[in-house]
Every structure is written in C-alpha cells, then in structure tokens.
Amino acid sequence: MKRVMANNMNRVMIATAVMCLVGCSTEGGKQINIADENSSKVSAEESAIKAQKASGNPDMTITKQGNSLNLVRVMDGAACKNELEGAKGTFLMYASPTDIERIKKNQGNQIFLEFAVKIQTFAEQALQEAVENTNLAKDPFDLGEEISQQKLVKQLSSNFQNYIAEAEEDFTKKTSLTIAIKGFLPSFTIFQQGCNASLPEADSDEFKAN
C-alpha cells in the first residue's frame, strides 16, 4: 500500500486554490434519480457544502486540553487502499508557541528538523490506517455525488483523528512539545476509480518554529 506526506510551508495561508482539490474529485455534483421532495433537500445540502468550500479557511489557532496552539505547518498527504480507492488532502499541524520558545531556548532550532521527520512519519502511518479502515466505496443510496464525498471525508477524518491521537500524546511526552494535527476537510479528494497518491514537491522539511 502507498502512503505519502509532504510539507508545504508556502501554503500556511490556505485560500480558495486549495478548495479546487475536492472539486476535481467529483463529477459536478451529479444526482441519481430521486423523488422530487428529496431533490430540493439535496440541492440545499450541496449548496451549503459549496458555500463552505468557497469561504473555508483553516483556523490559525485552536485549543487542545486548555492549551492554545498555533498553525505552524501544512502537510499534503495521500494514501491508497488498493489500485482504485484512496484519499488525498491537506493536513494542518498546530503547536504550542510557549513550548516552541522554551525548546528553542533550551535545545536550539535544529531540534525542530528532527521533530518534523518524526511527525511526518506517524502522520503517514495514521493516514494509511484511516484509509485502510474506512469504507470508501460508493453508497448507492446517497442522494448526490457531492454529499457522498462529504460523508466519506468526515468518516476518514474521524478515523484519522482516532489513529493519530495516541501518536500525538506519545510525541508530546517524549519531546514536551504539545501538537495537534487536523485534516483540512475542504481539501480532501476521495478516490474510488483509481488512486493517485502523487503530491507536490515539498518546499521544506521543518515547520515554522519562529
């Protein structure tokens, strides 16, 4: 099975360009034949989804266990379950600025290169586990392609968070750096007819520690 995770520091401020990734994974939000009363419901849901994509930007700060974490790194990740199924998307790494300053003072900036490698490794593993354990097949009862994609993205994201939680906790215990990695849902592509795990070339191997 194939999994990849690449850093892209130039995309910390993600804008609408990232949103086109999901658009490429669908077929224009086609709907299957359904009753008229359901058609309006589907249209409303799809409109809400498209509006969220158009306006969605990542949170620059989140809270984890009472700690305020800042967005410090953006990673592109992809994994294939088999030749047909897989997923690709953007992952946001948050870290405690207080921890960063303390570690910089005590250990220097170079330590963050080592941290970046460790984080990338367990993020790849968590993504592969999530893809392997998410049913990515099309649901014939879904009311539209767009809605089907969003359901799968939510399931995949939930599974990813479950698998990465222990790795994050272990990393924090060993390094004293509090981190959180979140999937940026509007960027996700779910592959069902041919998995493509290629990613843009990474710009840097370290996260923003200054």
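Along the sequence shown, residues are numbered consecutively beginning with 1.
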**Prompt:** Salt bridge or not for Glu114 and Lys118, using N-O below 4.0 Å?
**Reply:** yes
In a table with atom names and distances, give each donor-acceptor pair under 3.5 Å that connects a side chain of residues 63-71 to protein atoms at least two apart or in another chain.
from, atom 1, to, atom 2, distance (Å)
Lys64, NZ, Glu168, OE1, 3.0
Lys64, NZ, Ile179, O, 2.6
Asn70, OD1, Thr61, OG1, 3.4

**Gap separating the CD1 atom of Ile147 from the CG atom of Leu152, nearest 0.5 angstrom** = 12.0 Å
**Asked** Do Arg102 and Ser96 have a side chain donor and acceptor closer than 3.5 Å?
**Response** no
**Asked** Which atoms form the tightest heavy-atom contact between Val131 and Ala87, and what is the distance?
**Response** CG2-CB, 4.1 Å
**Asked** When you look at Gln193 and Glu83, which way does the side chain to side chain contact (heavy atoms under 4.5 Å, CB included) test go after all the steps?
**Response** CA-CA 8 Å; Gln193 298 179 341; Glu83 292 183 357; over 6 Å; no
**Message:** For a side chain to side chain contact (heavy atoms under 4.5 Å, CB included) check, start with the C-alpha distance between Gln161 and Asn159, then their side-chain angles and the critical distance, and finish with the verdict.
**Reply:** CA-CA 5 Å; Gln161 295 304 148; Asn159 287 338; over 6 Å; no
**Message:** To check you understand the geometry: which heavy-atom pair defines the closest contact between Ala180 and Ile62, and what is its length?
**Reply:** CB-CD1, 3.9 Å
**Message:** Would the distance check show the side chain of Asn82 and the main-chain N or O of Glu85 forming a donor-acceptor pair, the cut-off being under 3.5 Å?
**Reply:** yes
**Message:** With a 6.0 Å cut-off (strictly less than), is the heavy-atom count around CD of Gln107, excluding the residue itself, greater than 12?
**Reply:** yes
**Asked** Using a distance-only test with no angle check, is there a side-chain donor-acceptor pair under 3.5 angstrom linking Tyr163 and Asn133?
**Response** yes
**Message:** Between Leu84 and Phe191, is the side chain to side chain contact (heavy atoms under 4.5 Å, CB included) condition met? List the steps.
**Reply:** CA-CA 7 Å; Leu84 297 178; Phe191 299 110; over 6 Å; no
**Message:** Once salt bridge (charged side-chain N to carboxylate O under 4.0 Å, His left out) is applied, do any residues pair with Asp170, and if so which ones, sequence neighbours excluded?
**Reply:** Lys174
**Request:** Assess the side chains of Glu132 and Gln128: does a donor N or O sit below 3.5 Å from an acceptor N or O?
**Result:** yes
**Asked** Which value, rounded to the nearest 0.5 Å, describes the distance between Asn135 atom CG and Lys151 atom NZ?
**Response** 12.5 Å
**Request:** Compare all side-chain heavy atoms of Leu113 with those of Val117 and state whether any distance is below 4.5 angstrom.
**Result:** no
**Request:** Flag the pair Lys154 / Leu156 as yes when at least one side-chain heavy-atom distance between them is below 4.5 Å, and no otherwise.
**Result:** no
**Item:** Under 3.5 Å donor-acceptor, Lys104 side chain and Ile111 backbone
**Value:** no
**side chain to side chain contact (heavy atoms under 4.5 Å, CB included) partner of Lys88, the single match among Ser187, Ser198, Cys195** = Ser198
**Prompt:** When rounded to the nearest 0.5 angstrom, what is the spacing between CZ in Phe112 and CD1 in Ile119?
**Reply:** 9.5 Å
**Request:** Take Lys173 and Glu169, measure what salt bridge (charged side-chain N to carboxylate O under 4.0 Å, His left out) needs, and give me the verdict at the end.
**Result:** CA-CA 6 Å; Lys173 287 180 179 178; Glu169 183 178 353; 3.5 Å; yes
**Asked** Are the side chain of Thr134 and the backbone N or O of Leu136 linked by a donor-acceptor pair below 3.5 Å?
**Response** no
**Prompt:** Rounded to the nearest 0.5 Å, how far does CG of Leu177 lie from CZ of Phe115?
**Reply:** 6.0 Å
**Request:** Show your working on side chain to side chain contact (heavy atoms under 4.5 Å, CB included) between Val74 and Phe184 and close with a plain yes or no.
**Result:** CA-CA 10 Å; Val74 175; Phe184 185 55; over 6 Å; no
**Item:** Backbone of Val153 reached by a side-chain donor or acceptor of Ser157 within 3.5 Å
**Value:** no
**Request:** On the 0 to 90° scale, with breaks at 30° and 60°, tag the Phe160-Phe91 ring pair as parallel, tilted or perpendicular.
**Result:** tilted
**Fill in**
In terms of heavy-atom contacts, Gly77 and Leu127 come closest through C-CD2, 3.6 Å
**Request:** State, with a plain yes or no, whether a side-chain heavy atom of Gln149 is found less than 4.5 Å away from one of Gln192.
**Result:** yes
